[in-house]
Amino acid sequence: MSSDEYRQQESELDELYREIIIDHYRSPRHKGHLTAPSASHEGLNPLCGDEVTVEVVVDGGTLAEIAYSGSGCSISQSAASMMTEAVAGKSVAETRRLIGDFTAMMRGEESVDAEALGDLEAMSGVRKFPVRIKCATLAWHTLAEALKQAEAD
Amino acid sequence: MSSALDVNAIRSDFPILEREVYGKRLVYLDNAATSQKPRQVIDALVRYYETYNANIHRAVHALGEEATAAYEEAREKVARFIGAPSSESVVFTRNTTEAINLVAYAWGRANVGEGDEIILTQMEHHSNLIPWQQLAAEKGATIRYIEITPEGTLELGNLSALFSPRTKLLAMPHVSNSLGTINPVEEIVAEASKRGVTTLIDGAQAMPHMPVDVQAVGADFYAFSAHKMLGPTGVGVLYARRELLEEMAPFLGGGEMILKVTFEGATWNDLPWKFEAGTPNIADVIAFGSAIDYLDALGMDNVRRHEVEVTAYALDRLRGLDDVTLYGPDDPEQRGGVVSFNFGDLHPHDVGTILDRHGVAIRAGHHCTQPLMRCLGVTGTARASFYIYNTQDEVDVLIEGLKAARDFFK
């Protein structure tokens, strides 16, 4: 392997495991359980066995509280942690928009303004590893289900 | 180096081993998922399609006769390889999973009823679990499980207590795909048989790796796949005792499996064709015959010796790393060429991704044994699995990759 190829490979790995992702994996935010969630949903990735449960309190159209729990690879768990940080306190409408933008970014859709996603943009490196994309989106799909449930109640 | 096999000569038969992955030489350690294919097997496929491609059993022309002869010759080879009394006991399916489902439908639906019991183990692959759970749910039957010990072997102390007058079937793996454990199938089958309990062995991880004589194992049914033993994908084998196949109704209906058809009904073809409805996977079955020839020429005792050597070396080297948790028996003589492990607090998928970038292909996850993973208290493991072309040098590359993973996440 030439040194250029080697550098490219190393940089792809660094892209996958960006510092902020590793940071959230090592020091998860909003990890645990809420005392009185208005809805909770368990998401499973049967391919890898990643598990993420998202609990929310929706109050007057706002995502007043959120927590996650689960186990899995660094990507799935840091994605959950980064998500909770991004959506806590936001309106349900804004959260839904963010869910749409994030999953569109992971699908590689060019219409998404990745920079507007802030820290979440760090997850875009996962796209180079197609089998890991589901790890990154698991928490987001799970949140969408939890919100659906909260609204139905 | 291996004392049992000429690994360099073997490696030169496998074109894929020459390729690189991310600029690194491929180190393929995912053989429990599927094996690579030697040129001899690939050539057999090409030869069939280029020179005698035809449908079998019903053609009056030369190509059809040649194809039929080659297809049935492959069945004879399989029968000899596994020690079956005759090729009538060898049914070709798509894979091990379909072979087990064939039994669950054609035998299970007729013989398992409400209140009956099925015995499985806690180390089942989903393919030998779901078909029985479906059957039990449909019929109102109960499943009991042989538990595993902390060493990853079966807890057989109270085996006799698991049997009851209602036990109809005992099904279990010969070798665990997640732990590598070689189970004492002969003893357990004998215990079941003396109680009149029908037995099925999932041999997907055994037949490719060690000498197996299905009559010595003694089970009524024995299932395995071609693609894990140098053959193509899309071919499985169900060995069954003749008497059972005779009394079983067909699993799938259609062409090939009939003798005479009228508008009122049909009579079934002879064994084993009664269970091979429709045009079978002719090319891949024929090529599987070449895979059997290849393994026969090596000698399955030598295959086994080689794997024990590589596995022993891998266990040794893994134990030399801090922070490695190994699953399954310590003694390489008691396990197949499968090594399952976890590495510090790294998730197996993260380990797998880093290793992949070093050219090392392993499996990471639950290995289709989710209940077993819960028993072990893990969500998954990293699994390296070996075959005839793997070397100690490749184990060294694996170890270097693991060290790199540790450094990366430090």
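Keep in mind it's a predicted model, so treat the numbers as computed, not measured. A note on names: the letters A, B, ... follow the listed sequences, proteins ahead of strands, and every chain is numbered from 1.
- Aromatic ring centroids of B:His209 and B:Tyr387 lie under 6.0 Å apart.
- No more than 12 heavy-atom neighbours from other residues, nucleotides or ligands sit within 6.0 angstrom of CD on B:Glu147.
- Salt-bridge check for A:Arg18 with A:Glu121: passed, with a basic side-chain N closer than 4.0 Å to an acidic carboxylate O.
- By the 6.0 Å and 45° rule, B:Arg11 does not stack over the aromatic ring of B:Tyr389.
- Taking non-hydrogen atoms and a 4.5 Å limit, the residue list of residues 134-151 of chain A in contact with chain B is empty.
- Along residues 76-97 of chain A, no residue comes nearer than 4.5 angstrom to chain B, judged on non-hydrogen atoms.
- Applying the side chain to side chain contact (heavy atoms under 4.5 Å, CB included) test between B:Arg383 and each of B:Leu179, B:Leu29, B:Ile362, B:Asn177 identifies B:Asn177 as the sole match.
- The main-chain N or O of B:Thr381 is never found under 3.5 Å from a side-chain atom of B:Tyr327 such that the two would form a donor-acceptor pair.
- Heavy atoms only, all atoms of each residue included: A:Glu51 and A:Leu44 are closest at CG-CD2, 3.5 Å.
- The choice from B:Leu346, B:Asp345, B:Thr353 that makes the most heavy-atom pairs within less than 4.5 Å of chain A is B:Thr353.
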B:Ser178/B:Met373 under side chain to side chain contact (heavy atoms under 4.5 Å, CB included): CA gap, chis, key distance, verdict: CA-CA 9 Å; B:Ser178 296; B:Met373 292 294 124; 3.9 Å; yes
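- Between B:Phe409 and A:Tyr17, the ring center distance clears the sub-6.0 Å criterion.
- B:Asp350 has a carboxylate O that lies under 4.0 Å from a charged side-chain N of A:Arg132, or vice versa, which qualifies the two as a salt bridge.
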